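Here the structure is a predicted model, which is why all the values come from computation and not from measurement. In listed order, ligands and their atoms are each counted from 1.
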Amino acid sequence: MVPTDDRQMWQELGLDLEAHDGLLSVLGQAYEDVYLRQPNRPRAMEYFDFVVSQIHGLRVRELLQAKERGRKVVAAFCVFVPEEVVLAAGGVLIGLCGGAEVGFDLAEQYLPQATCPLIKSFFGFKLARLCPYIELADLVVGETTCDGKKKAYESFHTLAPVHVMELPQMKNPADRVLWRAELARFVDRIEALTGNRITDDALREAVGVVNAKRRALARLAALRSADPAPISGLDALLVNQISFYDDPERFTAKVHELCDELEERVARGQGVTARGAPRILVSGSPMAIPNWKVPHVIESCGAVVVGEESCVGSRNFRDLVDEGPADREALLDAIAERQLRIECACFTPNAERADTVARMARELGAHGVVHYNLSFCTPYAAEALRLDRQLRGQGIRMMRLETDYSQDQAQVRTRVEAFLEMLAME
Ligand code: BJ8
């Protein structure tokens with residue numbers, strides 16, 4: 001029986017209760033300062049506020065109840081791990097966070113100090129016993145994307161059951177064959193874990209559920225092209241962050257409710273800033289919950305973030321899986337094909353990404369691009385240099401920002417203000 005009391009539930013999951021209390025109180029205060037003080041928020045954000053207020057409560061309880069009913073919980077850190085497959089086998093996929101500076105001292109016993117904070121964070125959450133999701137997961141799925149993650153999963157094996165998918169580094173025909181085989185290996189692992197064979201019907205239904213979630217997120221993204229923007233970048237980011245761990249069907253319905261309200265706002269010309277406020281597209285490394293620093297700084301400088309070219313953003317929802325195929329093998333082909341359209345900087349070359357960023361900037365009416373990369377994330381840092389030149393060639397200004405999870409808001413603010421001033425002069 002799942003305990004009805006949160007503290008008892010956390011204790012049974014093996015969390016460090018004292019440290020966990022501290023984390024929740026810091027998170028609660030940060031949420032109040034960053035989110036609840038924003039002016040002009042859409043009413044429908046109440047649902048997402050509620051989800052955050054229950055981040056380690058209700059959703060954890062729901063997952064434990066699902067486990068009691070025999071469902072398996074699979075945890076992942078990358079959009080290449082296919083939710084469709086897990087759902088079709090009767091499981092639940094949750095994206096783990098890794099957006100806070102937690103347990104870094106412990107993580108550095110396994111990882112070099114000069115490691116991306118996202119990676120250190122997921123290790124830190126586990127080692128400091130602060131994440132109920134990692135504790136309740138039946139399997140953690142990693143991928144061979146960047147070197148940091150690749151090497152990190154080697155050690156993570158000793159802490160939790162891990163399955164690593166080999167993601168190719170290129171998108172040539174041979175790489176596609178490799179990735180399709182990896183998908184088949186993943187299907188085998190998930191079927192063995194859940195004890196359920198993935199049928200044609202179950203996979204078709206799961207593709208529909210995940211595509212519906214992507215369509216809802218795409219609808220939200222498109223509404224942000226209005227001037228004034230009907231929703232802040234912070235709120236839109238939060239919705240994208242929650243997309244990784246909420247129940248997919250409930251989440252989709254709530255995003256559509258939000259979009260209905262935003263459509264009314266757009267029709268009335270109502271926004272979160274005055275018309276003509278500086279508009280910024282953020283591009284680069286993912287921002288896992290509770291990493292809100294960059295949009296918070298940008299928006300507290302009077303600008304509005306109108307899009308995220310990121311895996312916690314457009315890369316997660318832009319393309320759909322073809323729903324046409326009837327049988328499971330053809331559906332898996334379609335899943336693999338969609339995944340290999342994701343423009344992650346771990347691929348070489350990854351030339352399409354520059355076109356995507358330029359197109360998004362134009363479609364969303366962005367005045368400039370802030371390229372965000374986490375410290376020690378070489379793939380995105382390397383692409384930023386070329387992207388800057390390519391965007392400049394098309395008359396789009398870009399600012400390169402490299403930061404971690406430290407409290408360096410003052411420095412970030414100085415740079416963002418200078419960038420906004422430069423944009424205003426053009
Ligand atoms: S598909 S972006 S979610 S790998 S920020 S850990 S790349 S050093 S997260 Fe990613 Fe999948 Fe690619 Fe998307 Fe490494 Fe960079 Fe850290 Fe990163």
Side-chain angles (χ1 to χ4, degrees), residues 75-83 93-101 104 107 110-126 140-156 162 164-171 175 179 182-183 186 214 217 237 240-241 243-245 282-289 291 293-294 308-319 335-336 338-350 352-353 356-357 371-385 387 400-405:
F77 292 100
C78 177
V79 293
F80 272 93
V81 180
E83 184 174 9
L93 183 81
I94 47 164
L96 293 174
C97 40
E101 192 168 320
F104 277 23
Y110 291 81
L111 303 164
Q113 188 270 332
T115 297
C116 156
L118 200 147
I119 300 170
K120 270 198 219 170
S121 181
F122 83 70
F123 253 82
F125 269 106
K126 172 69 188 164
V140 174
V141 184
E143 9 60 46
T144 58
T145 43
C146 63
D147 288 353
K149 274 196 189 167
K150 211 157 46 194
K151 300 314 282 183
Y153 293 125
E154 288 175 13
S155 308
F156 208 71
V162 175
V164 176
M165 300 183 79
E166 183 176 353
L167 186 74
Q169 307 286 284
M170 301 178 87
K171 295 180 180 177
D175 303 302
W179 180 243
E182 277 301 283
L183 203 51
F186 181 66
R214 294 190 185 109
L217 288 167
L237 173 65
N240 278 281
Q241 290 173 330
S243 75
F244 288 93
Y245 70 95
V282 173
S283 170
S285 310
M287 293 178 188
I289 203 166
N291 177 9
K293 180 167 68 181
V294 169
E308 297 79 24
E309 189 278 320
S310 162
C311 285
V312 184
S314 64
R315 275 181 240 134
N316 183 36
F317 59 74
R318 191 189 70 184
D319 297 309
I335 290 170
R338 186 202 86 88
Q339 288 174 311
L340 288 176
R341 275 185 265 154
I342 295 170
E343 291 154 359
C344 172
C346 296
F347 285 99
T348 179
N350 190 34
E352 304 83 4
R353 181 168 163 240
T356 299
V357 176
H371 189 279
Y372 163 77
N373 79 269
L374 284 167
S375 312
F376 309 114
C377 174
T378 308
Y380 283 94
E383 285 201 357
L385 295 163
L387 189 59
R400 276 188 286 134
L401 183 65
E402 182 163 337
T403 180
D404 53 19
Y405 296 164

message: Tell me whether the rings of Y405 and F104 are parallel (<30°), tilted (30 to 60°) or perpendicular (>60°).
response: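 Tilted, since the angle between the ring planes falls between 30° and 60°.
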
Contacting atoms of ligand 1, where contact means under 4.0 angstrom from a heavy atom of [X]:
X	result
Y380	2 (S)
L374	5 (S)
C344	1 (S), 2 (S), 4 (S), 12 (Fe)
C146	6 (S), 7 (S), 8 (S), 14 (Fe)
T145	4 (S)
F80	1 (S)

- prompt: Are Q339 and P82 close enough that some pair of their side-chain heavy atoms sits under 4.5 Å apart?
  reply: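 Contact flag for Q339/P82 side chains = yes.
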
- prompt: Can you check whether P379 reaches T145 side chain to side chain, under 4.5 Å on heavy atoms?
  reply: no

statement: Looking only at protein heavy atoms, what sits closest to atom 13 (Fe) of ligand 1 is C311 SG, 2.2 Å

task: For atom 10 (Fe) of ligand 1, find the nearest protein heavy atom and state the residue, atom name and distance (0.1 Å precision).
output: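 Here the closest protein heavy atom is K149 NZ, 3.8 Å.
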
Could you tell me whether [X] approaches ligand 1 through its side chain, its backbone, both or neither, with non-hydrogen atoms closer than 4.0 Å?
X	result
I119	side chain
C116	side chain
P286	side chain

- line: Closest to atom 15 (Fe) of ligand 1 by heavy-atom distance, out of G95, A381, C377, is C377

- request: Report the distance from atom CD of E383 to atom NE2 of H371, rounding to the nearest 0.5 Å.
  value: 7.0 Å

Donor-acceptor pair between E143 and Y153 side chains, under 3.5 angstrom: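 Short answer, yes.
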
query: Under 3.5 Å, is there a donor-acceptor pair linking the side chains of R353 and S283?
result: yes

query: Between E343 and R318, is there a salt bridge with N-O shorter than 4.0 Å?
result: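 Counted as a salt bridge, because a side-chain N and a carboxylate O are separated by less than 4.0 Å.
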
task: Run the numbers on F77 and F244 for ring pair (Phe, Tyr, Trp, His ring centres under 6.0 Å), then give the verdict.
output: CA-CA 9 Å; F77 292 100; F244 288 93; over 10 Å; no

query: Can any side-chain N or O of S375 pair as donor or acceptor with the backbone N or O of T403 at less than 3.5 Å?
result: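 Indeed, once roles are kept as given, a pair shorter than 3.5 Å links the two residues.
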
- request: Please determine if atom 11 (Fe) of ligand 1 has an N/O/S atom from C78 lying under 2.8 Å away.
  value: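 Given the 2.8 Å cut-off, C78 counts as a ligand of atom 11 (Fe) of ligand 1.
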
